[in-house]
Visitor: 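Got a structure for you, written out below as structure tokens; questions coming shortly.
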Number of protein chains: 2
Amino acid sequence: MVTESGASPNIVGKRMRSRREELGLSQERVGVLIGIDESSSRARISRYELGTHEPPVETARLIAKALSVPLAYLYCDEDDVAVWLMELATKSTGQRKALVSQWRQDLR
Amino acid sequence: MVTESGASPNIVGKRMRSRREELGLSQERVGVLIGIDESSSRARISRYELGTHEPPVETARLIAKALSVPLAYLYCDEDDVAVWLMELATKSTGQRKALVSQWRQDLR
DNA sequence: AAACTAAGACTGTCTTAGCAG
DNA sequence: CTGCTAAGACAGTCTTAGTTT
């Protein structure tokens with residue numbers, strides 16, 4: 001029996017789900033990857049994605065790591081900027097600094 | 001008498017404080033700007049900045065708006081990327097899309 | 001004036017257990 | 001198997017009130 005949903009998915013849940021599906025992982029797998037016991041893993045990740053519960057930032061950080069994205073990706077409102085943040089994170093610190101420095105010139 | 005601090009400032013608190021000081025606002029003012037009653041405004045913002053309490057994402061969104069930064073700014077680990085996100089947010093949607101599209105080419 | 005914090009009230013999350021697709 | 005959710009246990013935040021600088 002399905003009852004009421006409660007809350008609508010916030011930006012974090014939306015990003016979690018799309019990225020998880022992109023990687024072909026189950027909710028349980030993501031939970032186990034961040035150290036949650038498999039007995040409650042599905043329940044927790046499900047509610048994060050649906051937005052009924054919200055993960056603390058430290059938990060969000062573990063999730064971001066498991067999904068191979070930077071923390072800010074999970075809180076980014078614009079799809080194109082989110083993808084850009086994800087791709088930038090694959091670069092080394094030195095490369096990143098050089099690129100960002102160059103891009104900041106483009107903004108003037 | 002000052003006792004124990006509890007938690008250390010997380011990334012959200014760190015970004016909140018530096019941006020607030022950059023704008024020359026008091027903690028109370030930021031709280032009032034996001035609709036908190038002035039009687040509890042200082043207390044709440046103080047604990048967000050110190051990391052003893054963590055704001056829900058919807059509250060973080062209001063704070064980001066009050067500080068004129070995108071939500072992702074508050075969760076961005078790298079200083080240079082955070083500043084870049086802030087500057088990018090001043091552009092129109094059309095300009096942003098064009099720039100991000102161009103920058104994604106730079107990443108290859 | 002501005003920032004910080006203890007304590008109790010209050011609100012949200014987590015585990016368990018089980019249902020639904 | 002995978003995802004979703006009710007309920008009680010549990011952990012967090014919020015208001016108040018007052019201290020510290």
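Reminder, nothing fancy here: chain letters follow the sequence lines and each chain counts from 1. The structure presented is a predicted model; accordingly, all values stated were derived computationally and were not measured. Keep in mind that the numbers below use all heavy atoms, side chains included, and drop hydrogens, waters and symmetry copies.
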Visitor: Does His53(B) or Arg20(B) map to a spot on DNA chain C nearer the 5' end, using the closest nucleotide for each?
Guide: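 Closest to the 5' end, via its nearest nucleotide, is Arg20(B).
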
Visitor: Near DNA chain D, which residues from residues 29-48 of chain A have a heavy atom under 4.0 Å away?
Guide: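 Per residue number, the list reads Arg42(A), Ala43(A), Ser46(A), Arg47(A).
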
Visitor: Could you tell me if the side chain of Met16(A) sits less than 4.5 Å from the side chain of Ile45(A), heavy atoms only?
Guide: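 Yes - at least one pair of side-chain heavy atoms lies under 4.5 Å apart.
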
Visitor: What do you reckon, is NZ of Lys65(A) surrounded by more than 12 foreign heavy atoms closer than 6.0 Å?
Guide: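 At most 12 heavy atoms, drawn from other residues, nucleotides or ligands, come within 6.0 Å of this atom.
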
Visitor: What's the CD-C1' distance between Glu21(B) and dA2(C), to the nearest Å?
Guide: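 Atom-to-atom, Glu21(B) to dA2(C), this comes out as 12 Å.
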
Visitor: Take the protein atom CG of Leu23(B) and the nucleotide atom P of dA2(C), then report the distance between them rounded to whole Å.
Guide: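 To the nearest whole Å, that distance equals 15 Å.
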
Visitor: What is the distance from CD of Glu54(A) to C1' of dA11(D), rounded to the nearest Å?
Guide: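 Going from Glu54(A) (CD) to dA11(D) (C1'), I get 15 Å.
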
Visitor: Without decimals, in angstroms, what is the distance between Glu49(B) CD and dC4(C) P?
Guide: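 That distance rounds to 7 Å.
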
Visitor: Expressed in angstrom and rounded to an integer, what is the separation of Gln27(A) atom CD from dG3(D) atom C1'?
Guide: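 Result: 5 Å.
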
Visitor: Arg17(A) side chain N/O closer than 4.0 Å to the phosphate oxygens (OP1, OP2) of dT2(D)?
Guide: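 Answer is no, no contact under 4.0 Å.
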
Visitor: Quick check: do Glu49(A) and Arg20(A) have side-chain heavy atoms less than 4.5 Å from each other?
Guide: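 The answer is yes; the side chains approach within 4.5 Å.
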
Visitor: Could you check if a side-chain atom of Tyr73(A) sits within less than 4.5 angstrom of a side-chain atom of Leu67(A), using non-hydrogen atoms only?
Guide: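 A side-chain contact is absent here, since even the closest heavy-atom pair is not under 4.5 Å.
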
Visitor: Would you say the side chain of Ile36(A) lies within less than 4.5 Å of the side chain of Val32(A), judging by non-hydrogen atoms?
Guide: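 Contact flag for Val32(A)/Ile36(A) side chains = no.
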
Visitor: With clusters built from Ile, Leu, Val, Met, Phe, Trp and Tyr whose side-chain heavy atoms come within less than 4.5 Å, directly or transitively, what are the remaining members of the cluster of Trp84(A), listed by chain and number?
Guide: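 Its cluster mates, by chain and number, are Val81(A), Leu85(A), Leu88(A), Leu99(A), Val100(A), Trp103(A), Leu107(A), Val81(B), Trp84(B), Leu85(B), Leu88(B), Leu99(B), Val100(B), Trp103(B), Leu107(B).
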
